[in-house]
2 protein chains.
Amino acid sequence: MTKRTARAEPLSRARIVRTAVELLDTAGVRKLTFRALTERLSTGPGAIYWHVANKDELLSAATEAVVADAVSVEPGAGDTPREAIRSVALGLYEATEAHPWLAAQLAAECARSPWGAVAPRVFEALGRQVRALGMPESGWFTATSALMHYVFGVAAQNAANTAMAAALPQDASRIEYLETASRAWEALDPAAYPFTRAVAGQLRDHDDRTQFLSGVDLVLAGIVASAEGGERQG
Amino acid sequence: MTKRTARAEPLSRARIVRTAVELLDTAGVRKLTFRALTERLSTGPGAIYWHVANKDELLSAATEAVVADAVSVEPGAGDTPREAIRSVALGLYEATEAHPWLAAQLAAECARSPWGAVAPRVFEALGRQVRALGMPESGWFTATSALMHYVFGVAAQNAANTAMAAALPQDASRIEYLETASRAWEALDPAAYPFTRAVAGQLRDHDDRTQFLSGVDLVLAGIVASAEGGERQG
DNA sequence: ACCTGAACACCGTTCAAGT
DNA sequence: ACCTGAACACCGTTCAAGT
């Protein structure tokens with residue numbers, strides 16, 4: 001058995017990033033520190049700084065690694081563009097479920113460099129299908145942007161629900177959390193929040209995943225409608 | 001002249017939050033520390049902790065204050081629902097331009113408590129107009145969520161452009177930044193990023209604000225189309 | 001070229017003590 | 001009830017020194 005032990009594996013940027021993702025997944029952003037990292041990798045901080053410029057770069061690298069992995073799924077041969085878009089979007093959605101830190105980090109990453117390394121990955125995966133949808137080229141950027149922004153927006157919002165529910169005491173899970181949130185909406189000031197109160201029941205009963213895909217369909221419907229409505233625009 | 005001096009004004013949660021927003025605006029998230037805060041307010045850290053539980057709560061409060069302000073604009077009397085939605089969305093968009101820290105903080109806030117204090121404010125403002133659009137009640141939640149998520153997604157992405165461009169050396173402003181980003185897209189691997197490369201020119205020429213509103217229109221088109229397509233769904 | 005680890009400047013938070 | 005400010009535990013980052 002020539003099993004390589006962990007401590008034998010040489011230090012490298014890839015290994016540091018992988019360890020950072022593990023730490024992020026198991027302990028959360030707060031616990032990702034250079035101290036924790038040096039311990040897990042059994043080195044000194046200086047060794048890590050040799051491979052990585054600073055903590056921001058490390059977080060960017062971790063985010064990009066996870067996004068790249070999520071978006072790399074090739075669409076099935078028989079998939080329609082619509083199905084392919086749904087599956088790319090769903091891949092990203094599920095990544096934010098699997099890595100609760102991803103959503104906030106995605107936003108932070110965009111703030112660091114808006115059209116940096118992460119956006120093109122998502123943009124490419126979605127855009128190919130937008131093109132396949134038969135959009136005129138002039139609409140590609142707008143349509144793909146809208147789709148991507150919707151997905152990022154959901155990521156920021158909904159993925160957190162899962163993490164939130166998971167953090168609740170024991171069996172008080174997702175459903176109970178939505179119950180609480182729904183009641184909070186019902187308790188809002190009737191004068192200031194009539195609409196939100198009216199919709200509290202739909203919040204309670206909704207399923208994040210279904211909801212997310214409905215939103216994707218809605219944006220897709222908008223893309224198709226805009227493409228058809230086309231030229232005439234006041 | 002009975003001008004009240006700053007140091008005479010008593011410490012309060014509101015004043016702390018207001019000072020935090022100022023510090024956030026002028027110096028950035030990194031520089032918002034309890035040290036800086038105590039100096040600006042000429043007190044000790046203990047005094048701040050009397051009014052505010054911890055830094056997370058302070059950031060939440062700052063975020064909510066800014067969002068509440070941005071969304072509180074009443075739609076004009078003659079506005080169509082579509083116009084009202086555009087102006088609410090634009091208000092939020094402009095808030096993320098005026099407060100570069102807002103986008104990332106919005107995401108962090110959602111992660112802290114997904115359906116907490118910030119979401120209902122946006123939800124209510126957008127939802128009223130969705131209702132006015134004549135949607136059937138069963139679609140309110142989905143449609144308003146999609147709209148809100150799109151807006152949040154853009155906030156995370158585009159607002160950063162402005163901050164990014166502003167941080168560039170002098171007159172190398174927005175346009176030059178987009179030029180750089182566009183060239184980076186053109187330099188991507190042709191095999192892996194055919195679509196993104198094809199669209200690099202549109203990235204260069206686009207205007208964030210116009211782009212944002214086009215996306216809002218696109219989602220609105222989807223909402224209307226879905227409402228009409230209605231019941232028949234495989 | 002790559003790694004070590006002590007040291008530095010700084011941070012959020014606490015708490016006994018004051019008014 | 002509200003504020004003071006020293007103290008604590010911890011953090012990201014640096015750097016002279018090693019191999």
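Letters A, B, ... are given to chains in the order of the sequence lines, protein chains preceding strands, and every chain is numbered from 1.
- Going from the P atom of D/dA17 to that of C/dC2 covers 22 Å, rounded to whole Å.
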Report summary line: A correct 5'-to-3' footprint of nucleotides 11-19 of chain C, with B, S and - meaning base, sugar-phosphate only and no protein heavy atom under 4.0 Å, is BBBBB----
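- Close to C/dC3, at under 4.0 Å from its OP1 or OP2, lies a side-chain N or O of A/His51.
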Which side-chain N or O atoms in residues 116-127 of chain A pair as donor and acceptor under 3.5 Å with protein atoms at least two apart or in another chain?
from	atom 1	to	atom 2	distance (Å)
A/Arg121	NH1	A/Glu64	OE2	2.4
A/Glu124	OE1	B/Phe195	N	3.2
A/Glu124	OE1	B/Thr196	N	2.7
A/Glu124	OE1	B/Thr196	OG1	2.7
A/Glu124	OE2	A/Arg128	NE	2.8
A/Glu124	OE2	A/Arg128	NH2	3.3
A/Glu124	OE2	B/Phe195	N	3.1

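- Remark: the separation of the C1' atoms in D/dC10 and C/dA9 is 13 Å, to the nearest Å.
- Residues meeting the ring pair (Phe, Tyr, Trp, His ring centres under 6.0 Å) test with A/His51, sequence neighbours left out: none.
- Summarising the geometry, the separation between CD on A/Glu39 and P on D/dC10 is reported as 12 Å, rounded to the nearest angstrom.
- Considering only residues two or more places apart in sequence or on other chains, B/Asp56 meets the salt bridge (Lys or Arg N to Asp or Glu O under 4.0 Å) condition with A/Arg30, B/Arg112.
- Applying the side-chain contact (heavy atoms from CB on, under 4.5 Å) criterion to A/Arg35, with sequence neighbours excluded, gives A/Thr33.
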Query raised in the report: Which dot-bracket string describes DNA chain C (Watson-Crick N1-N3 plus N6-O4 or O6-N4, or G-U N1-O2 and O6-N3, all under 3.5 Å; [ ] crossing; | other strand)?
Result: ||.|||||...|||||.||
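- With sequence neighbours excluded, no residue forms a ring pair (Phe, Tyr, Trp, His ring centres under 6.0 Å) with A/Tyr193.
- Applying the salt bridge (Lys or Arg N to Asp or Glu O under 4.0 Å) rule to A/Arg13 yields the partners A/Glu57; only residues at least two apart in sequence or on another chain are considered.
- We find that CG of A/Leu11 is positioned 12 Å from C1' of C/dT4, with the value rounded to whole Å.
- At a threshold of 4.0 Å, the pair B/Arg18-B/Glu22 does not count as salt-bridged, since none of the basic side-chain nitrogens sits closer than that to a carboxylate oxygen.
- When the side-chain nitrogen and oxygen atoms of B/Trp50 are compared with OP1 and OP2 of D/dC3, none of them lie within a distance under 4.0 Å.
- Considering only residues two or more places apart in sequence or on other chains, B/Glu94 meets the side-chain contact (heavy atoms from CB on, under 4.5 Å) condition with B/Leu90, B/Glu97, B/Arg209.
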